[in-house]
A.B. asks: 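The structure's right below; bear with me while I get my questions together.
The sequence lines fix the lettering, A, B, ..., with proteins before strands; numbering per chain opens at 1. On a predicted model such as this, the values are computed, not experimentally measured, just so you know.
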Amino acid sequence: MSDNERIETGSDTGRHFLKQWIASEVEAGLSGGEVVTRFPPEPNGWLHIGHAKAICIDFGMAQEFNGTCNLRMDDTNPSKESEDYVEAIKRDVHWLGFEWNRFIYASDFFQTMYDIAEGLIRSGHAYVCELSQEEWREYRGVPTRPGTPSPFRDRPADDSLTLFRRMRDGEFAEGACCLRAKIDMASPNIHFRDPVIYRIMRMSHYRAGDKWNVYPMYDFAHPIEDALEGVTHSMCTLEFEVHRPLYDWVVDRMDEMNLLVVRNGAKVRPQQREFARLNLTYTVMSKRRLLQLVEDGLVSGWDDPRMPTIAGLRRRGYTPESIREFCDRIGVSKFESETELELLEYCIRDDLNRRAQRRLAVLDPLKVVIENYPEDKEEWFEAINNPEDPIAGSRQVPFSRELWIERDDFMEDPPKKFFRLAPGREVRLRYACLFTCTSVVKDENGKVIEVRGTYDPLSGGGNAPDGRKVRGTIHWVSARHAQPLEVRLYDRLFTVADPMADESRDFTTLLNPDSMQVVTAQAEPALATAAPGDGFQFERLGYFCADLYDSKHGAAVFNRTTTLKDSWGKANRP
RNA sequence: UGCCUCAUGGUGUAACGGUAGCACAGCAGUCUCUGGAACUGUUUGCCUAGGUUCAAAUCCUAGUGAGGCAACCA
């Protein structure tokens, strides 16, 4: 069991504020004693790691308190939404490891919302306003100045009702009029200055088709959706904090209309609380910007392995467990913070270190010839699959006279602390034998193109026959048996920690030109037949995952999930 | 600018009036057939100023700084 297992002490110690909030409500026996949450994405883009945080909170809180969580498409704006996004969202939530109780569309409630709107008109809480958008902006005022009431504010309910029905029936052009809640034009909270709750959109909805010519606004629709589903705790990000009074206002109206769900004899009043959204260094997180990267062809799609989308991370080789662990570690607070990418990388390394099988592959091959090894001989050495997991067993790796090694693992004129191969130096070829470099072959430009040397025939398996210390161990692949592999070396998407910090600069100019490098690697035979999605550690290099789409049986294509920590490389790079 | 929110090492987060702790990152070391992992040690912090109190990161006041809102988006 993991060492960060939480101990429930009954005190609030160590619980984040949302957990404390829900816990205190549960203790007080509120909301009929059940906890119901919801994750309400708008199907207008793919989910990203920031949504993963919200998903972990929404579903996680429900789990924590033995409640349930609904997945709801917040599809009240037909101009941006589509079924494709719905499918991608469902798949990603599932993949992350969460099961929803109900799957719902906000659009399923359109009729009810409409009826509630008519109710509001009848009770004098709403009116049809014919101000143009510009006029409306003018009347609304600014934060420092109170707004001016619309001339239509006190029109008879019957007039509004008639007009609203005509709006619904498509008798008006978009923008001709709208339905507004009648609240308080002098409120310091702009959202209370008679907010628009229904607007005309002569647009067909991806699910509701052409049935509606009016669509509800978020501030009106969201609390209704929550209330109708019997949601008890509605958690969202900080920017909705100022909307909360309006949320409560709508819930009050529903209460008056007797529309709240009754559970175990108690009315369920949904309540909203807000937490800080996730910001991650070296990437961007807004759907709009991610969409721009996709549409401008700056990445290959929403699921490009460099994207912070859940689909991108999945394709990159991140596991659901690692993402959930990350969400657990970043914490929940109301402070607008910036989480370092390094923490995400730590989480996937930690997970894969324990689970991924090891393989030998060379990304930048340099030929090695073992002069005292017979031309036609070959041996198979035993290689451990995962030193962290004995159950993973071992496999056989072929060895022969000519090998590939990593170019970085050889230096003709090495510095003191270089433990790898150099003329006159002996290293261990992992799992195979001890090898000493005796000479090099260069091309006409003086570049080393071949390393030659001899092996110790008594060092089979890599053990020194006399117990002598060999400091360096390097990976290798038998040239004769090697499988060429396409490998995509991914790096951070942007060159700066916060691509949005400099507002005078278009963030796309800060894209990292080296965020993807494609190389042909030489790998041990077992790797050629990896199944799409399979993840491995290429020893001494990093974690790699067979691409979900481009990798074929016998012609694997690998994506680098992340490198191994490299204390040598880091210290010795300029 | 009006209203709302927030402020603890480089980063993120704990503390709920009583010894400022944890993780990531960093640094140093041990060990090692991965310069990985593991293990050990370690640098760095309560935004400022007042007040309440025996005692303040915690409560109060003011200031400073950061974020949000001012779409017929969500």
A.B. asks: Could you classify B:A20 for me, syn or anti, using a glycosidic angle within 90° of 0 as syn?
C.D. replies: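 Anti for B:A20; the angle lies over 90° from 0.
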A.B. asks: When the distance from CZ of A:R193 to P of B:C72 is rounded to whole Å, what number comes out?
C.D. replies: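 The answer, rounded to whole Å, is 13 Å.
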A.B. asks: Is it the case that atom CD in A:E342 sees more than 12 heavy atoms from other parts of the structure closer than 6.0 Å?
C.D. replies: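 Atom CD in A:E342 is crowded, with more than 12 foreign heavy atoms closer than 6.0 Å.
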A.B. asks: Would you please confirm or rule out a distance under 4.0 Å between OP1 or OP2 of B:G12 and any side-chain N or O of A:S333?
C.D. replies: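 So the side-chain polar atoms of A:S333 never come under 4.0 Å of the phosphate oxygens OP1 or OP2 of B:G12.
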A.B. asks: So that I know where these two stand, are A:F558 and A:F538 an aromatic pair - ring centroids less than 6.0 Å apart?
C.D. replies: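 Yes, ring centres under 6.0 Å apart.
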A.B. asks: What is the distance, to the nearest angstrom, from the CZ atom on A:F326 to the P atom on B:G12?
C.D. replies: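 Between P of B:G12 and CZ of A:F326: 12 Å.
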A.B. asks: Does B:C24 have OP1 or OP2 sitting under 4.0 Å from an N or O in the side chain of A:Y346?
C.D. replies: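 Yes, such a contact exists.
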A.B. asks: In whole angstrom, what separates A:Q20's CD from B:C16's C1'?
C.D. replies: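 It is 8 Å, rounded to the nearest whole Å.
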A.B. asks: Does any donor-acceptor pair link the side chain of A:R420 with the base of B:G35 at a separation under 3.5 Å?
C.D. replies: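 Such a pair exists between side chain and base.
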A.B. asks: Should A:S337 be listed as having a side-chain N or O under 4.0 Å from OP1 or OP2 of B:U13?
C.D. replies: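 For B:U13, OP1/OP2 do have a side-chain N/O of A:S337 under 4.0 Å.
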A.B. asks: Checking base pairs now: Watson-Crick or wobble, both atom distances under 3.5 Å. What partners B:A55?
C.D. replies: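 Base-paired to nothing in any strand shown.
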A.B. asks: Parallel, tilted or perpendicular: which fits the ring planes of A:F164 and A:Y114, with parallel below 30° and perpendicular above 60°?
C.D. replies: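 Ring orientation, 0 to 90° scale: parallel.
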A.B. asks: Just wondering, do A:W568 and B:G35 stack (centres under 5.5 Å, planes under 30°)?
C.D. replies: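 Base of B:G35: stacked against A:W568.
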A.B. asks: Using a cut-off of 4.0 Å on non-hydrogen atoms, how would the nucleic acid contact of A:R140 be classed: base, sugar-phosphate, or nothing?
C.D. replies: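 Answer is sugar-phosphate: A:R140 comes under 4.0 Å of backbone atoms only.
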A.B. asks: Expressed in angstrom and rounded to an integer, what is the separation of A:N353 atom CG from B:A38 atom P?
C.D. replies: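 Whole-Å distance recorded here is 7 Å.
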A.B. asks: Please confirm whether any donor atom in the side chain of A:Q537 sits under 3.5 Å from an acceptor in the base of B:U34, or the reverse.
C.D. replies: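 Yes, a donor-acceptor pair under 3.5 Å.
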A.B. asks: CG of A:N279 versus C1' of B:G68: gap in Å, rounded?
C.D. replies: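 Whole-Å distance recorded here is 13 Å.
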A.B. asks: Less than 5.5 Å between centroids and less than 30° between ring planes, does A:F335 satisfy that with B:A7?
C.D. replies: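 No.
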A.B. asks: Looking across every strand, which nucleic acid part, if any, lies under 4.0 Å from A:Y198 by heavy atom: base, sugar-phosphate, or nothing?
C.D. replies: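 The residue A:Y198 makes no contact with any strand.
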A.B. asks: OP1 or OP2 of B:A37 sitting under 4.0 Å from any side-chain N/O of A:K565?
C.D. replies: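 Yes, such a contact exists.
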A.B. asks: For A:H243 together with A:Y247, are the ring centres under 6.0 Å from each other?
C.D. replies: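 A:Y247 vs A:H243: aromatic centres not under 6.0 Å.
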A.B. asks: Write down the partner of B:C6 under the Watson-Crick or G-U wobble criteria, each distance required to be under 3.5 Å.
C.D. replies: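 Per the H-bond distance test, B:G65.
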A.B. asks: The side chain of A:T144 is closest to which nucleotide in this list: B:G67, B:G2, B:A74?
C.D. replies: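 Of the candidates, B:G2 comes closest.
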A.B. asks: Can you identify which nucleotide, out of B:G12, B:G35, B:G2, has its nearest atom closest to the A:K417 side chain?
C.D. replies: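 Given the options B:G12, B:G35, B:G2, the side chain of A:K417 is closest to B:G35.
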A.B. asks: Kindly point out which of B:G68, B:U5, B:G36 is positioned nearest to the side chain of A:K334?
C.D. replies: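 Given the options B:G68, B:U5, B:G36, the side chain of A:K334 is closest to B:U5.
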A.B. asks: Suppose we call a contact any N or O donor and acceptor under 3.5 Å apart; does that hold for the side chain of A:E340 and the base of B:G10?
C.D. replies: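 Indeed there is one.
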A.B. asks: On a plain distance test, is the side chain of A:E342 in donor-acceptor contact with the base of B:G10 below 3.5 Å?
C.D. replies: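 Answer no: no donor N or O sits under 3.5 Å from an acceptor.
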A.B. asks: Is there a salt bridge (charged side-chain N to carboxylate O under 4.0 Å, His left out) between A:E524 and A:R395 once you walk through the steps?
C.D. replies: CA-CA 11 Å; A:E524 65 169 281; A:R395 68 191 186 282; 2.8 Å; yes
A.B. asks: Quick one: does any side-chain atom of A:W476 pair with a main-chain N or O of A:R430 as donor and acceptor, under 3.5 Å?
C.D. replies: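 The answer is yes, because a donor-acceptor pair under 3.5 Å joins these two groups.
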